[in-house]
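Start at 1 and go down the list; that is how both ligands and their atoms are numbered.
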Amino acid sequence: MNNFDFHNPTRILFGKGRIADLNAQVPNDAKVLITYGGGSAERTGVLAQVRKALGDRTVVEFGGIEPNPRFATAIKAVDVIAKNGITFLLAVGGGSVIDATKFIAAAAKFSGDPWEILTSRGSVVKEAMPFGTVLTLPATASEMNSGSVITHAEKGAKLPFMSPHCYPVFSVLDPELTYTLPARQIANGVADAFVHIIEQYLTYPVAANVQDGFAETLLRTLVDIGPKAIEAPEDYDLRANLMWTATLALNGLIGAGVPQDWASHMIGHEITAFNDTDHARTLAVVLPALMNDQRGPKREKLLQYGANVWNIHEGDEDARIDAAIDATRDFFHAIGIKTRLSDYNVAASDIDTIIGALTDHGMTALGEHGAITPEVARRILEAAV
Ligand SMILES: NC(=O)c1ccc[n+]([C@@H]2O[C@H](COP(=O)([O-])OP(=O)(O)OC[C@H]3O[C@@H](n4cnc5c(N)ncnc54)[C@H](O)[C@@H]3O)[C@@H](O)[C@H]2O)c1
């Protein structure tokens, strides 16, 4: 096992009716900026619950944060904070709203050009405003990690940053808030969480028995409950398991002390920047092709994954790896997610643009060995057309 530091300061308030507990978590004298997205939080009544729980605190609201949140929108919120003397941020929504809020929290305390927060991958962030979250979409684990991904539409860039100053102080996880999600978003959440786990698991063995076992349990849970959670939107236990699995998938625990990949994510971000394909769907395209391309370096873990997640024990090594990749594709299909670039209007002739952007963004040595060069990424995308 590799050396690691593990520290996760986010308090989780899990279960039915927990929005009411905001009152105890947000400082009494806080001037609160509620951040939210395109209106689902208003429509579903979540915002009304939040307003009620905040009582007579001063509250300002900032809506309109897009899926794949935009830099320009986040910058507008920074102005609202300055004009209103805001002291605490409360994100109400999915990963996009929470990611934007992390960026806003950092940018509000940053004296330089906020674009540097992204180009430095967060290293210039020395402080951030405190913020909590009310999660409405189980997928990203942004509610319990320090990462964020922001899109700059004019620059055609979707860039991640991380900072130890950007953990939420608390996150409310009420599975009932997910009942209103369209099937498409639940499927996206299942796929996103699945690939988060894979990025931290499917590399090479380092004798990290607990992390491997925990990751395999999370993967098997998603395989089991993913299709059911789409079929039965108001089954509390399914939604509770999905919500907690998605959080544990990327709150740092399974990634501590193990090598990590993240190439599928970085290549996938460029597909979203290219034509706004849902994040999770880009992952379902890239991952199976990457598994096949990287079957040499990932051999031992691919065999372990096949055996422990899919119960594949028959055949020679390559046949077992083929079966594990097929099972992965079939799983995405079972939750209604297609796995070819052509399913998302990306043609072979577009790959040049995507690889050009990947290179421009410095993503030239991806993967756990730094061996996924733009040429390898091109080969992976060509195999996924
Ligand atoms: N920070 C991280 O660690 C991390 C990890 C993975 C992905 N991401 C990023 O997160 C973003 C995706 O976030 P997401 O998958 O949570 O989706 P999202 O936040 O973009 O939301 C998707 C849609 O669902 C709607 N919605 C949300 N909750 C709802 C509810 N309860 N009922 C009805 N509609 C609802 C939203 O209005 C939106 O239209 C991407 O930009 C991705 O790159 C971040």
Residues [X] and [Y] bridged, charged N to O under 4.0 Å:
X	Y	result
Arg18	Asp21	yes
Glu42	Arg51	yes
Asp343	Arg281	no

Validation row, ring centre Tyr167 to ring centre His7 under 6.0 Å: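 No, they do not, as the ring centres are separated by 6.0 Å or more.
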Per-atom contacts, ligand 1 versus Pro69 - under 4.0 Å to a heavy atom: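 Close to Pro69: 41 (O).
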Ligand 1 N/O within reach of Lys102 N/O, cut-off under 3.5 Å: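 Not met; the criterion fails.
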Thr44 N/O to ligand 1 N/O under 3.5 Å: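 Such a contact does not occur with ligand 1.
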Ligand 1 versus [X], non-hydrogen atoms closer than 4.0 Å: side chain, backbone, both, neither?
X	result
Asp192	side chain
Leu177	backbone
Pro67	both

Distance to 0.1 Å, residue and atom name: give those for the protein heavy atom nearest to [atom].
atom	answer
atom 44 (C) of ligand 1	Asp99 OD2, 3.0 Å
atom 26 (N) of ligand 1	Ser40 OG, 3.5 Å
atom 18 (P) of ligand 1	Ser96 OG, 3.4 Å
atom 3 (O) of ligand 1	Asn145 ND2, 2.9 Å

Asn188 and Asp278 side chains, donor-acceptor separation under 3.5 Å: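 Side chains of Asp278 and Asn188: pair found under 3.5 Å.
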Minimum side-chain heavy-atom gap Val50-Val172 below 4.5 Å: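 Answer no - side chains too far apart.
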Approximate separation, where rounding is to 0.5 Å, of His269 NE2 and Asn68 CG: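 Atom-to-atom, His269:NE2 and Asn68:CG are 8.5 Å apart.
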For atom 43 (O) of ligand 1, the option (of Glu143, His269, Lys158) bearing the nearest heavy atom: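 It is Lys158 whose heavy atom sits nearest to atom 43 (O) of ligand 1.
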Sequence neighbours excluded - salt bridge (Lys or Arg N to Asp or Glu O under 4.0 Å) pairs with any residue from residues 161-180: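 Pairs touching residues 161-180 that pass the test: none.
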